[in-house]
**Student:** 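To start, I am sharing the structure in question, which I have written as structure tokens.
The shown structure was predicted, so the numbers you read here are calculated from the model rather than taken from an experiment.
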Amino acid sequence: MTELDHLKQLWQEHTAVLESQHQVSEADIRTMLRNRTRTALDKINRSIVIELLILFCMGIGGGWFLWSQDQRLDPQEIRTLSWYAVLNIAFYALKYYLLNRTDITAGNLRHSLTSLRRTLGGYMTLYLVVLTLLVPLSSISGLITGFQMGLTEDGRTWADVSPKAWAILIGVGIAYTALSYLLVRWYLWAMYGVHYQEIKRCATELEEARLD
């Protein structure tokens with residue numbers, strides 16, 4: 001073997017070592033990103049279960065309150081509440097299915113991240129739109145209902161409310177609505193937003209690594 005052939009052999013061996021190291025590095029990157037994505041999705045699934053439990057406890061609490069006040073629901077109200085419960089369960093079941101329908105592996109990581117970003121991003125937008133509309137309405141309606149109950153107990157009507165009381169009511173209503181909206185935004189971020197951002201970061205890092 002000539003010196004030139006020996007140098008060629010050494011170069012080929014060195015190149016093979018570098019390629020092997022590159023393959024290991026690529027596999028490590030995929031595994032790391034897959035684990036981070038899986039962890040984020042597990043936390044999102046946990047948030048879905050927590051929300052269902054919260055709704056269940058609210059339903060039980062509302063039923064107990066009505067029972068303690070010796071109030072009875074008519075059949076139409078029972079049907080309405082039943083449909084509301086069914087729709088909520090269907091909504092969360094569909095969300096869980098859409099988020100978990102793809103098995104996250106190192107081989108299909110790009111497809112999994114794209115699907116998760118699209119699905120969760122759609123739900124985040126839906127949450128924001130619905131909550132932006134519902135929070136002010138529910139806050140104001142709750143405040144008005146509570147004030148109306150106070151007026152009824154005192155034997156008064158809305159015509160008896162003084163301008164000062166109106167100003168206080170409007171101020172409290174604005175403050176309560178703003179606080180409720182901020183709390184809902186914080187809740188949405190804590191339950192879903194932070195994990196959504198982690199999934200987006202994983203997708204960005206996968207693109208930057210230029211892994212096919």
**Student:** Is there a path of hydrophobic side-chain contacts, each under 4.5 Å between heavy atoms of I, L, V, M, F, W or Y residues, that connects Y127 with L183?
**Tutor:**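 No, because Y127 and L183 fall into different hydrophobic clusters, even though each may have its own neighbours under 4.5 Å.
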
**Student:** For N100, check side chain to side chain donor-acceptor pair (under 3.5 Å) against everything at least two apart and list the hits.
**Tutor:**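 Only N45 meet the side chain to side chain donor-acceptor pair (under 3.5 Å) criterion with N100.
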
**Student:** Just to verify, what does R46 make a side chain to side chain donor-acceptor pair (under 3.5 Å) with, not counting sequence neighbours?
**Tutor:**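 R46: no side chain to side chain donor-acceptor pair (under 3.5 Å) contacts found.
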
**Student:** Report the distance from atom OG1 of T39 to atom CG of N35, rounding to the nearest 0.5 Å.
**Tutor:**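 Spacing of OG1 (T39) from CG (N35) equals 6.5 Å.
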
**Student:** Kindly check if the number of other-residue, nucleotide or ligand heavy atoms within 6.0 Å of CH2 (W186) is above 12?
**Tutor:**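 Open.
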
**Student:** According to salt bridge (charged side-chain N to carboxylate O under 4.0 Å, His left out), does anything in residues 138-147 pair up with another residue at least two apart or in another chain? List the pairs.
**Tutor:** none

**Student:** Working to the nearest 0.5 angstrom, can you tell me the gap between L53 CG and M58 CE?
**Tutor:**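 Atom-to-atom, L53:CG and M58:CE are 13.0 Å apart.
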
**Student:** Any link between V49 and Y192 through a network of hydrophobic side chains (Ile, Leu, Val, Met, Phe, Trp, Tyr) touching at under 4.5 Å?
**Tutor:**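 Not linked; separate clusters.
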
**Student:** Would a single hydrophobic cluster contain both M124 and L182, if residues Ile, Leu, Val, Met, Phe, Trp and Tyr are joined by side-chain heavy-atom contacts under 4.5 Å?
**Tutor:** no

**Student:** Could you state the interatomic distance from CZ (R38) to OG1 (T31), rounded to the nearest 0.5 Å?
**Tutor:**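 Taking CZ in R38 and OG1 in T31, the distance rounds to 15.0 Å.
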
**Student:** Rounded to the nearest 0.5 Å, what separates atom CZ in R34 from atom CG in L109?
**Tutor:** 9.0 Å

**Student:** Please work out whether the ring planes of Y123 and F91 are parallel, tilted or perpendicular, with thresholds of 30° and 60°.
**Tutor:** perpendicular

**Student:** Could you check whether any side-chain heavy atom of I199 comes within less than 4.5 Å of a side-chain heavy atom of I44, counting everything from C-beta outward?
**Tutor:**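 In short, these two side chains touch, coming nearer than 4.5 Å.
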
**Student:** Specify the closest pair of heavy atoms between V194 and R201, including all atoms of both residues, with the distance to one decimal.
**Tutor:**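 That would be O-NH2, 4.5 Å.
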
**Student:** So, using side chain to side chain donor-acceptor pair (under 3.5 Å) as the criterion, who are the partners of R117 when residues are at least two apart?
**Tutor:** none

**Student:** Taking all non-hydrogen atoms of both residues into account, name the closest pair between I104 and S112 and its distance.
**Tutor:**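 Looking at all heavy atoms of both residues, the shortest contact is CA-OG, 3.8 Å.
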
**Student:** Between CG of L94 and OG1 of T119, what distance do you get to the nearest 0.5 Å?
**Tutor:** 9.5 Å

**Student:** Check the pair R101 / L98 against side-chain contact (heavy atoms from CB on, under 4.5 Å), numbers first and verdict last.
**Tutor:** CA-CA 5 Å; R101 60 182 171 177; L98 291 176; 3.6 Å; yes

**Student:** Do you know the tightest heavy-atom contact between A40 and E198?
**Tutor:** CB-CG, 4.1 Å

**Student:** Considering residues at least two apart in sequence or located in another chain, which fulfil the side chain to side chain donor-acceptor pair (under 3.5 Å) criterion with Y187?
**Tutor:**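 For Y187, the residues satisfying side chain to side chain donor-acceptor pair (under 3.5 Å) (neighbours in sequence not counted) are E51.
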
**Student:** In this structure, would Y92 and I89 fall into the same cluster of hydrophobic residues linked by side-chain contacts under 4.5 Å?
**Tutor:** no

**Student:** So how far is it from E205 CD to L33 CG, rounded to the nearest 0.5 Å?
**Tutor:**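 E205 CD to L33 CG: 5.5 Å, rounded to 0.5 Å.
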
**Student:** Kindly state each residue pair satisfying salt bridge (charged side-chain N to carboxylate O under 4.0 Å, His left out) with at least one member in residues 119-132, sequence neighbours excluded.
**Tutor:** none

**Student:** Minimum heavy-atom separation for M191 and S47, please, with both atom names.
**Tutor:**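 Shortest heavy-atom separation between M191 and S47 comes out as O-OG, 2.7 Å.
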
**Student:** Membership question, hydrophobic clusters at under 4.5 Å side-chain separation (ILVMFWY): are Y97 and L99 in the same one?
**Tutor:** yes

**Student:** Using a cut-off of 6.0 Å, state whether more than 12 heavy atoms not belonging to R36 lie near its atom CZ.
**Tutor:**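 Enclosed: over 12 neighbouring heavy atoms sit under 6.0 Å from CZ of R36.
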
